[in-house]
Amino acid sequence: DNRELSTLVDELKDLLKDELTPVERKMVKALDAALEKDDAKSVRTLVREARKIGNAGVRKTAVAAAGWIGEEAMPELEEFISDDNPEVSEEALTQWELALQEIEDEAKKLDMLKQVLLTLKDEGTCDYLSIHLITAGDEALALKTIRELIASGNEACKVPAKDAYSWITG
């Protein structure tokens, strides 16, 4: 959406007014140029590089840029969900979830959800995302995914997965 893109470009320009290191400034300018050119491939590359940037504002802006791409950038967004800065991780979770909602294929959606849940170490985030298991259109596939999550050994997702199982099965 062009309105969202222009807002993001404005945020990048505002970020340039802050005190940034030369590397951070170069990153922000490159993100701005890639967005202006509608160059999703370059944005994804820059977002991956932004993981190494110390400035949380730059990382958060990179996450917002990845969100502009949507489903295609879900792997990059997933990397930021566990960011040390809560604002960055919350933005990544929001953008990742919005991208998840773009996916129409239920099997693919549940697979993407399972992939991210298997990597999470925070039970609260697992619990939050488990709503997508409960609301899945294919109950049998959701139950299969839940069983895989329970068997995975990821302690953070075990209780939320069991709760989702109980919710679906009554």
Side-chain angles (χ1 to χ4, degrees), residues 1-133 135 145 149 152 154 156-157:
D1 168 282
N2 287 336
R3 189 176 65 246
E4 290 174 7
L5 180 57
S6 67
T7 301
L8 182 55
V9 169
D10 288 344
E11 287 174 14
L12 285 165
K13 290 186 186 335
D14 285 344
L15 192 56
L16 284 171
K17 295 175 187 172
D18 293 345
E19 286 190 33
L20 301 173
T21 68
V23 171
E24 293 166 349
R25 185 167 299 284
K26 182 178 177 185
M27 170 66 66
V28 171
K29 286 182 177 182
L31 273 170
D32 183 39
L35 287 168
E36 290 281 353
K37 292 179 193 168
D38 204 16
D39 183 355
K41 183 179 178 184
S42 292
V43 170
R44 287 184 68 195
T45 299
L46 291 164
V47 169
R48 285 190 295 274
E49 291 174 14
R51 288 284 291 150
K52 302 173 205 152
I53 298 288
N55 183 306
V58 174
R59 291 195 317 277
K60 184 177 176 185
T61 303
V63 165
W68 168 76
I69 296 170
E71 178 186 345
E72 186 182 327
M74 286 179 80
E76 286 80 13
L77 290 167
E78 185 178 326
E79 292 291 317
F80 282 92
I81 290 174
S82 298
D83 194 276
D84 292 337
N85 182 287
E87 288 184 23
V88 175
S89 62
E90 287 171 21
E91 180 71 19
L93 183 60
T94 298
Q95 296 298 336
W96 185 90
E97 193 174 18
L98 289 169
L100 183 72
Q101 293 170 7
E102 292 177 14
I103 301 172
E104 294 182 19
D105 180 295
E106 200 67 34
K108 182 177 181 182
K109 183 183 281 192
L110 285 168
D111 187 54
M112 295 297 286
L113 180 62
K114 180 178 73 174
Q115 285 177 40
V116 80
L117 286 170
L118 288 172
T119 66
L120 294 176
K121 303 295 179 224
D122 176 57
E123 187 174 324
T125 306
C126 288
D127 188 50
Y128 173 78
L129 286 175
S130 70
I131 189 69
H132 294 289
L133 295 167
T135 59
T145 302
L149 287 168
S152 74
N154 182 340
C157 288

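Just so we're clear, the structure is a prediction, and the values are computed from it rather than from any experiment. All values below were derived from every heavy atom in this structure, side-chain atoms included, with hydrogens, water molecules and symmetry-related copies excluded. Index from 1, following the sequence.
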With a 4.5 Å limit on heavy-atom distance, are the side chains of S82 and T119 in contact? no
Taking all non-hydrogen atoms of both residues into account, name the closest pair between R44 and E72 and its distance. CZ-O, 3.0 Å
For E97 and Y128, the nearest pair of non-hydrogen atoms, with its separation, is OE1-OH, 2.6 Å
Rounding to 0.5 Å, atoms SG (C126) and CG (L117) come to a distance of 5.5 Å
Which distance, rounded to the nearest 0.5 Å, do you find between the OG of S130 and the CG of D127? 4.5 Å
Exercise: identify the closest heavy-atom pair between V47 and A62: CG2-O, 3.2 Å
Look only at the side chain of S42 and the backbone of D39, and say whether a donor-acceptor pair between them is shorter than 3.5 Å. no
Intermediate values then yes/no, salt bridge (charged side-chain N to carboxylate O under 4.0 Å, His left out), E102 and K109: CA-CA 9 Å; E102 292 177 14; K109 183 183 281 192; over 6 Å; no
Heavy atoms, side chains only, cut-off 4.5 Å: are L149 and L118 in contact? yes
For V63 and W96, what are the C-alpha separation, side-chain angles and deciding distance, and is it a side-chain contact (heavy atoms from CB on, under 4.5 Å)? CA-CA 9 Å; V63 165; W96 185 90; over 6 Å; no
Charged N to carboxylate O below 4.0 Å: is that the case for E71 and K108? yes
Of all the heavy-atom pairs spanning V116 and E78, show the shortest one and how long it is. CG2-CG, 3.5 Å
Taking all atoms of both residues into account, what is the closest heavy-atom pair of N85 and D83, and its distance? N-OD1, 2.8 Å
Going from CZ on R48 to CD on E76, what distance comes out if it is rounded to the nearest 0.5 angstrom? 4.5 Å
For D105, is the CG atom crowded, meaning more than 12 foreign heavy atoms sit under 6.0 Å from it? yes
Could you tell me whether the side chain of N154 and the main chain of K121 form a donor-acceptor pair under 3.5 Å? no
Are L129 and L100 side-chain neighbours, meaning at least one heavy-atom pair lies under 4.5 Å? no
Atom OG in S89, atom CD1 in I81: separation rounded to 0.5 Å? 9.0 Å
Cation-pi check for F80 against R51: NZ or CZ below 6.0 Å from the six-membered ring centre and within 45 degrees of the axis, yes or no? yes
Test side-chain contact (heavy atoms from CB on, under 4.5 Å) on V23 and K52; report intermediate values, then the result. CA-CA 10 Å; V23 171; K52 302 173 205 152; over 6 Å; no
Find the distance between NZ (K29) and CG (L46) and round it off to the nearest 0.5 Å. 14.0 Å
Expected output: side-chain T21 to main-chain E24 donor-acceptor under 3.5 Å: yes
Apply side-chain contact (heavy atoms from CB on, under 4.5 Å) to the pair L133 and T145, showing each step before the final yes or no. CA-CA 8 Å; L133 295 167; T145 302; 3.9 Å; yes
Non-hydrogen atoms of R59 and A50 that approach each other most closely: CG-O, 3.3 Å
Test side-chain contact (heavy atoms from CB on, under 4.5 Å) applied to I69 and L77, step by step: CA-CA 10 Å; I69 296 170; L77 290 167; over 6 Å; no
Short side-chain donor-acceptor distance under 3.5 Å, H132 and Q101: no
Kindly compute the distance separating CG (L31) from CG (L35), expressed to the nearest 0.5 Å. 6.0 Å
Treating T45 as the side-chain partner and K41 as the backbone partner, does any N or O pair qualify as donor plus acceptor under 3.5 Å? yes
